[in-house]
Amino acid sequence: MVVVTFIKVCGLRDDMSVDTAVRLGVDAVGFVFAASVRQISPDDAAPLVARAATGTVPVGVFKGNPIEEILAVAARTGLRTVQVHDLVDAQQVARLHAAGLHVVRAIVAGDTSGDLGADRLLVDGAVAGAGRTWDWSSTTAPDGGWILAGGLDPDNVADALAATGAWGVDVSSGVESERGVKDPALIEKFVAAVRAVRAD
Ligand SMILES: O=C(O)c1ccccc1N[C@@H]1O[C@H](COP(=O)(O)O)[C@@H](O)[C@H]1O
């Protein structure tokens, strides 16, 4: 039986990477507004967000950004979905919802504080965007469909899915030729590896 796994490719900063992801039919692309080698400004992200909006959901990724800044970035870029790595209470989620945003709450593996009302959970390793795997068998899978992240690449994603049964996967470092530089061939290899996974 073929398994349809949600795929997000994160940390995009140029037309070619966005076009590659859209051509491959990935479900979501991420633009990082947190302090990072992949950080992009709202002005530079806005045209990429518009470029992605053809069946591939653009997602703003935030860590260490005040809620006011997240709202301002969404308004400037047209983003309707945000992935936030440091939400601590349901009021923050409610403020984002009140602005009409779809909210992905990113947590570190082992955190059992739940979704705080967010629309989806993403479970990552201790250092977001570092390309480091974590012990996928060490955590109890959250209820419902959740997204697995942290050091995924074309060679380990099938094992990661088999170990966790995650609903979706998110990749950044594992599809780069050097830190912060996306490699279209690796993006294609990653997507093929996810789509080759079967449940028998
Ligand atoms: O990619 C970043 O630099 C980043 C910075 C701050 C918060 C999140 C970030 N990216 C997210 O990190 C995970 C895993 O990335 P990796 O594949 O291990 O490099 C993923 O959810 C990205 O969206």
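Counting convention: from 1, in listed order, for ligands and their atoms alike.
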Considering only protein heavy atoms, which is closest to [atom], and at what distance to one decimal place?
atom	value
atom 3 (O) of ligand 1	Ser36 OG, 2.6 Å
atom 18 (O) of ligand 1	Gly151 N, 2.9 Å
atom 7 (C) of ligand 1	Ala128 CB, 3.6 Å
atom 13 (C) of ligand 1	Asp124 OD2, 3.2 Å
atom 2 (C) of ligand 1	Arg38 NH1, 3.2 Å
atom 21 (O) of ligand 1	Asp170 OD2, 2.7 Å

* To do: Mark yes when over 12 heavy atoms from residues, nucleotides or ligands other than Glu69 sit less than 6.0 Å from its CD; otherwise mark no.
  =>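 Counting other residues, nucleotides and ligands, CD of Glu69 exceeds 12 neighbours.
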* To do: Please state whether Gln39 comes within less than 4.0 angstrom of ligand 1, counting heavy atoms only.
  =>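 It does not, in that no heavy atom of Gln39 comes within the 4.0 Å cut-off of ligand 1.
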* Test item, Gly150 contacting ligand 1 (heavy atom, 4.0 angstrom) -> yes
Any chance you could measure [X], atom [atom1], to [Y], atom [atom2], to the nearest 0.5 Å?
X	Y	atom1	atom2	result
Phe62	Phe33	CZ	CZ	5.5 Å
Ser172	Leu12	OG	CG	8.0 Å
Leu122	Ile107	CG	CD1	8.5 Å

* Hey, quick one: are Val197 and Phe190 part of the same hydrophobic cluster, counting side-chain heavy atoms closer than 4.5 Å, chains of contacts allowed? -> yes
* Side chain proximity check, Leu121 to Arg105, heavy atoms < 4.5 angstrom ->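 Yes. Closest side-chain heavy atoms under 4.5 Å.
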Counting each atom of ligand 1 from 1 as listed, which ones have a heavy atom of [X] under 4.0 Å away?
X	answer
Ala34	6 (C)
Ala149	20 (C), 21 (O)
Lys8	23 (O)
Cys10	22 (C), 23 (O)
Ser173	16 (P), 17 (O), 19 (O)

* Check whether the side chains of Asp111 and Ser113 place a donor and an acceptor atom closer than 3.5 Å, and report yes or no. =>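 Per modelled atom types, Asp111 and Ser113 side chains form a pair under 3.5 Å.
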* Side-chain donor-acceptor pair under 3.5 Å between Arg51 and Thr56, yes or no? -> no
* **Short N or O distance, Gly129 and ligand 1, threshold 3.5 Å exclusive** =>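 Indeed, backbone or side chain, Gly129 has an N or O that close.
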* Are any of the N or O atoms of Gly131 closer than 3.5 Å to those of ligand 1? -> yes
* Asked: For ligand 1, is any non-hydrogen atom under 4.0 Å from Ser172's backbone (N, CA, C, O), its side chain (CB onward), both, or neither?
  ->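 The answer is both.
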* Indicate yes or no for a side-chain donor-acceptor contact from Asn156 to the backbone of Asp153 under 3.5 Å, with no hydrogens or angles considered. => yes
* **Salt-bridge present (Arg13, Asp44; N to O < 4.0 Å)** => no
